[in-house]
Structures are given as C-alpha cells and as structure tokens.
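A short worksheet on the structure shown next.
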Amino acid sequence: MGKFFDTTPIYYVNDVPHIGHTYTTVAADIIARFHKLQGDDSYLLTGTDEHGAKISQAAEKHNQTPKEYADTISKEFNEAWDKLNINYSRFIRTTDEDHIKTVREFLQKMYDNDAVDKEPRLYKGLYCVGHEKFMSPEELVDGLCPDHKTAPIEYSEENYYFKLSLFQKQLEELISTDQIKIRPETRKNEILGKLKQGLEDISISRANLEWGIPLPFNPKHSIYVWIDALINYYTFGKEKGIWPTDLHLVGKDILWFHSVIWPAMLLSVGEQPPKEVFAHGFFSIGGQKMSKTIGNVIKPEELIQKYGVDGTRYVLLAAFPFGEDGDFSWELFDKLYNGNLANGLGNLIARVAKLAQDNNISEPKNDFAISEEVSQLIQNYHLNAALTYIWNQIADTDKLINLQKPWTLKGGELETALKELILHIKQIAHNLQPFMPETSEKILKQFAGEVTVQPPLFPRI
RNA sequence: CGCGGGGUAGAGCAGUGGCAGCUCGCGAGGCUCAUAAUCUCGAGGUCGUUGGUUCGAAUCCAACCCCCGCAACCA
C-alpha cells in the first residue's frame, strides 16, 4: 500500500476531444484504477489548458469572451471523460482560482530564487503572422516566409527568461540514472541526446497577451501558456499533499516539456521532479496523419456509439503496443470488437452462463486478485500485453470447455466441471477490472449466487 | 540537409545471435453449451537490396533502395 499519482496532459481548449486525447486519458485511468485495486491511495488528474492568444482569437470568432469559449470546450472534455467512465480525482482548469494562485506563487518563487532574470530581455525577431511565431533568418527564402510567401514583420518584445541552461547537468544526471524515469527507453535516449546538445534559456512571459495569468513581479506581462499549464500538476499535488507525481502520461510531442522544462522548473523552486514520464505513440488514420485540416479526426462519441464504453476502452488499448504509433482504421477496430469482445469474451460468458443456469449451478466461493502476470505487465505499462495475456486466459477457457464437453456430463462430474469454468471466468473478470470496469462488474454480478443467462455483453456488429 | 520511426505469410503485427511466430483472412474436419459463435489440423514467408562479421544473422556491422513522421492546427 502506498500513494500513486498519475496525470494526463491538460488538453488545450483550442481543439475538441478526439481519439488521441481519449487514448491518453483511458490509459491513465486504467493505470490509476489498477493502483486503487492494489490498495494504493490512487489519484488521477486531468483537465483543460485554457489561456493564450489562440484561445482569445477562437473566442472572438465565436463572438464569445475567452472564458465563455473555454467553458464550452472544457465541458466537452469533461463530459467525454464522464461518459468513458474515467475515474479522475479532479478535472482541473487553468482558469480555476486555486490554480491561478499557485501559478503566481510558483513564478514568484522562481523569481526569488534567481531562476528568472530580474529584468526582461529584449527579444528582436522576424515575426510571421501566418505562423504566429518568430522565424529564424535561415528559415526565410529571399526574405519571405517559404510557406506564406509574405515578408515577416520586424518585431521586438520584452520577455522574462527562465534560466533553463543552469539545470542541464543536473537533468542529465537525473534522467540517465532514472531518478526521472523516461519511458519507453528510446525516448529517454532521444531526450538525453537532445540535452547533450545544450539547453537554452526560455522565455516565460508575453508582453501583449491579455488572456493569461499576470506575472506576479511585473503584472504588465502575462505568463506564457505552457508554463502556466505545466504547473497544474503541482496545484493539485500540493493541495492533496501527494507531491511528487508518480507518472506523467503524455504524447510523444510534448515529452520535452514534461521531461526537461517541467522538472527544471520544479528544481528551481526546490521541489521534487516527477518520478516517471511515459510517452505513448500517436494514431494515424487510415495511413494518413490525423489532422483537422484533412478532416479525418475521430471523436470519442463515434467510438462509444459503435463499441460502447468498455468496448471503446478495450479496442483503444488492444490495438497497438503501448508506447508505439499505430494506424487507426474502423476495419481494425471492428475486427477487434467482433473477434475479441463478441466472439471471445461475450460468447464465453454466454455459453458458461447457459450451462450453469440449465443445471442450477451456483457460484463457487473463492478469493481473487488480479493475476500476478497481469499485475506485472500493468506496472511496467505494457497495457496491450496485459490484455493479450487476459485474452489467452479466455481462449484457454474456451479450449477447456471443448475438452470437458460439459453437455455430455451428469451429476457430480458436471458440477465439478462447471464450477471450474466459473472460477476461470471470475479470474478473468477480476483481471479486466482496470480496463473494463462495467463489464467486469456485470460478469461478477452474473456469476454471483445462482448463475443466470443475461443479454449479450457485446452484440456483434 | 538534419532528426526520428519503419520495410517479416494475402492483410495487420511480434520477434534484437541458436529449428521464422501471433491475430485476422483462406482450406479441411470436429462439436452443438454459446452471440453463424467454439475446438482441431492444414496451406501460405529466399525476414527491403547488396556485401561483411560469426560455427550460426530477421537479429550485429557497412553501403544502398523505399515508406512514414517532426520543421504547419494536433494526444
């Protein structure tokens, strides 16, 4: 028994929930539920990231204030996770009062500790309006932005800088010794490689941004949205007294922020860095990159409508090795659903329930926990391998039925055979608890006391 | 140019020095408890190319070919 605290990234309200957000969040929920079942004091944090210029622009388009706009999108995320049975401890928003207060205190402390310059640096650069970012002179072709064919504006702005470069040695040490454990291993190597190339100080404020948290030591500046966002983990962790984070689950695109910038920020205020950062892979859609522009984004509602809540949780995690990229297609997910849920798990439950009901067999009493093998796999975040293991248990039980042929047996032999099968099923149901909580509960209920036939768990599609 | 991922059976993938595997699909057979479900057997691969290291290479090394991603909203 111990404490376990894991997080999803907080999602930027510039975008509505899609399959990528869903994947991260379901995985984080499975890990958190697993720890709870093991008796740990388990916390899962998710939420939305709501500040920044992009949000105020999007709000303007919808004729809303930034807060109104953020409220709308944030609610979509929150509702999606409720539908998916995500057992979060808190849904945090960067517009929450306590978060804003914590961010200001955090930044003040960075400032007091000399991790932030006392005076802003003047940043001069070439700003491309199309990109909404500064371009380096090398990126320009004939003085024009190669993508937009426009001349960038010469623009200068005063920014406060975080002295990230001071932490290079310490981070290399912490990461290479797994005190900040980065997984999968290839990602750790990537980060270490990038660290060796040197760290530059980073700007943490914006001068002309209204939709943001003011810098405590100079309210004319707003805090850069990434800095604001990362602190959400600390807002919750500090309040609950459960710091540091045991696991930040992130997409591979934001690993740098979570494994380098965020730990450095924590070190600068004398707090412990996260124990582990795990970067999972991305979905492509039918061989193409997932993109709003292409319009091939899959929404969680579409998945739930087709596969149900637990069906969605299952197919997302069963489809690919956890940590690696995978190519989504409805064909693949349909196959997984029909093959493994309808024909596999669902059918096994149906056939044993019928045999037990017809012969008035009642539940054998026994104590159960998650199988040791499954437990090990989940602890190492081999979620997909854990599911494979459980499905082998299902296949083995099907084989056992065909071997025993209970429909040819009578009396004591029949009872012994069926009770053995029921024990197998209960073990499977327990192993499924973190992955498919509703299904697991349904099965355990169905096989409690007098076993009865129930409607199919997963009708074929 | 750079960085990263990948090329293994019809499809999707696992396998990082020791007899090439899994799932789906396909073919044949069995069972009848079950959601046209389940079980058994089978066919199908010169592991991208070339060269090297080794008793032995899908696996290690070198060169090359091809696909995808990052630099543009996006987990």
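This structure is a prediction, so every number in the text was calculated from the model and none was measured.
Taking atom CZ on A:Phe458 and atom P on B:A36, their separation rounds to 16 Å, with Å as the unit. If you measure from atom CD1 of A:Ile73 to atom C1' of B:C74, you get 14 Å, rounded to the nearest angstrom. In this structure, A:Phe447 places its CZ atom 13 Å from P of B:A34, rounding to the nearest Å. As rounded to whole Å, 9 Å separates atom P of B:G12 from atom NZ of A:Lys335. Following rounding to the nearest Å, A:Leu336 (CG) and B:C22 (C1') show an atom-to-atom distance of 13 Å. Distance CG (A:Asp398) to C1' (B:C33): 11 Å, rounded to an integer number of Å. Between A:Asn343 atom CG and B:A34 atom P there is a gap of 15 Å when expressed in whole angstrom units. B:U40 atom P lies 12 Å from atom CG of A:Leu400, rounded to whole Å.
Among the heavy atoms of the strands lying under 4.0 Å from A:Gly20 is at least one base atom, whether or not backbone atoms are also near. Within the 4.0 angstrom heavy-atom criterion, no nucleotide atom of any strand lies near A:Gly339. Heavy atoms of A:Phe283 sit under 4.0 angstrom from at least one base atom. Residue contacts shown for A:Ile349 are absent, as no nucleic acid heavy atom lies under 4.0 Å away. Note on A:Leu355: a base of the nucleic acid sits closer than 4.0 angstrom, heavy atoms only. In this structure, A:Asp253 reaches the sugar-phosphate backbone alone: every heavy-atom distance under 4.0 Å involves primed, P, OP1 or OP2 atoms, never a base.
Closest to the A:Ala342 side chain, of the nucleotides B:C74, B:U35, B:C33, is B:U35. For A:His280, whose side chain is taken as the heavy atoms from C-beta onward, the closest listed nucleotide among B:U32, B:U35, B:A75 is B:A75. Listed candidates were B:U35, B:U38, B:A75. Nearest to the side chain of A:Pro9 is B:A75. Residue A:Pro321 places its side chain closer to B:A14 than to any other of B:A34, B:A14, B:A75. Between B:U35, B:U38, B:A75, one nucleotide has an atom nearer to the side chain of A:Arg351 than all others, and that is B:U38.
When the options A:Asp29, A:Thr439, A:Thr22 are evaluated for a side chain to side chain donor-acceptor pair (under 3.5 Å) with A:Arg313, the one that passes is A:Asp29.
In this structure B:C26 sits in a base pair with B:G42, meeting the Watson-Crick or G-U test at under 3.5 Å. When both distances must be under 3.5 Å, the Watson-Crick or G-U wobble mate of B:C60 is B:G52. In this entry B:G4 has B:C68 as its Watson-Crick or G-U wobble partner, both defining distances falling under 3.5 Å. Base pairing of B:A37: no nucleotide in any strand meets the Watson-Crick or G-U wobble criterion (both distances under 3.5 Å). Under the Watson-Crick and G-U wobble criteria, each requiring two contacts below 3.5 Å, nucleotide B:G21 is paired to B:C13.
Under the 6.0 Å distance and 45° angle rule, A:Arg183 does not count as a cation-pi partner of A:Phe278. Cation-pi geometry between A:Lys252 and A:Phe282 is met: under 6.0 angstrom from the ring centre, within 45 degrees of the axis.
Between A:His248 and A:Tyr233, the angle of the ring planes lies from 30° to 60°, which puts this pair in the tilted group.
Between B:G69 and B:A20, the distance separating the two C1' atoms is 30 Å to the nearest Å. B:U35 and B:U46 have their C1' atoms separated by 44 Å, given to the nearest Å. Taking the P atom of each, B:G25 and B:G12 are spaced 16 Å apart, rounded to whole Å. When the P atom is compared between B:U23 and B:U38, the two are found 12 Å apart, to the nearest whole Å. B:G10 and B:C70 have their C1' atoms separated by 33 Å, given to the nearest Å. Nucleotides B:U54 and B:G15 are separated by 28 Å at their P atoms, to the nearest Å. For the P atom pair drawn from B:A37 and B:G42, the interatomic distance equals 23 Å after rounding to whole Å. Across B:U49 and B:A11, the matching P atoms stand 15 Å from one another, rounded to whole Å.
We find that A:Lys67 and A:Asp71 are joined by a salt bridge, their nearest charged nitrogen and carboxylate oxygen being less than 4.0 Å apart. Ion pairing between a basic and an acidic side chain is recognised when a charged N comes within 4.0 Å of a carboxylate O; A:Asp334 and A:Arg460 show no such pairing. Ion pairing between a basic and an acidic side chain is recognised when a charged N comes within 4.0 Å of a carboxylate O; A:Lys75 and A:Glu79 show such pairing. Ion pairing between a basic and an acidic side chain is recognised when a charged N comes within 4.0 Å of a carboxylate O; A:Lys442 and A:Glu438 show no such pairing.
Checking A:Ile401 against A:Asp327, the closest nucleotide of RNA chain B that is more toward the 5' end is the one next to A:Asp327. Comparing A:Ile254 and A:Arg187 along RNA chain B, the residue whose closest nucleotide (by nearest heavy atom) sits nearer the 5' end is A:Arg187.
Applying the 4.0 Å criterion to OP1 and OP2 of B:A37, one finds that A:Arg460 has a side-chain N or O inside that range. Between A:Lys399 and B:C39 there is no side-chain polar atom (N or O) within less than 4.0 angstrom of OP1 or OP2.
Aromatic stacking of A:Phe282 on B:G69: not satisfied for centres closer than 5.5 Å together with planes under 30 degrees.
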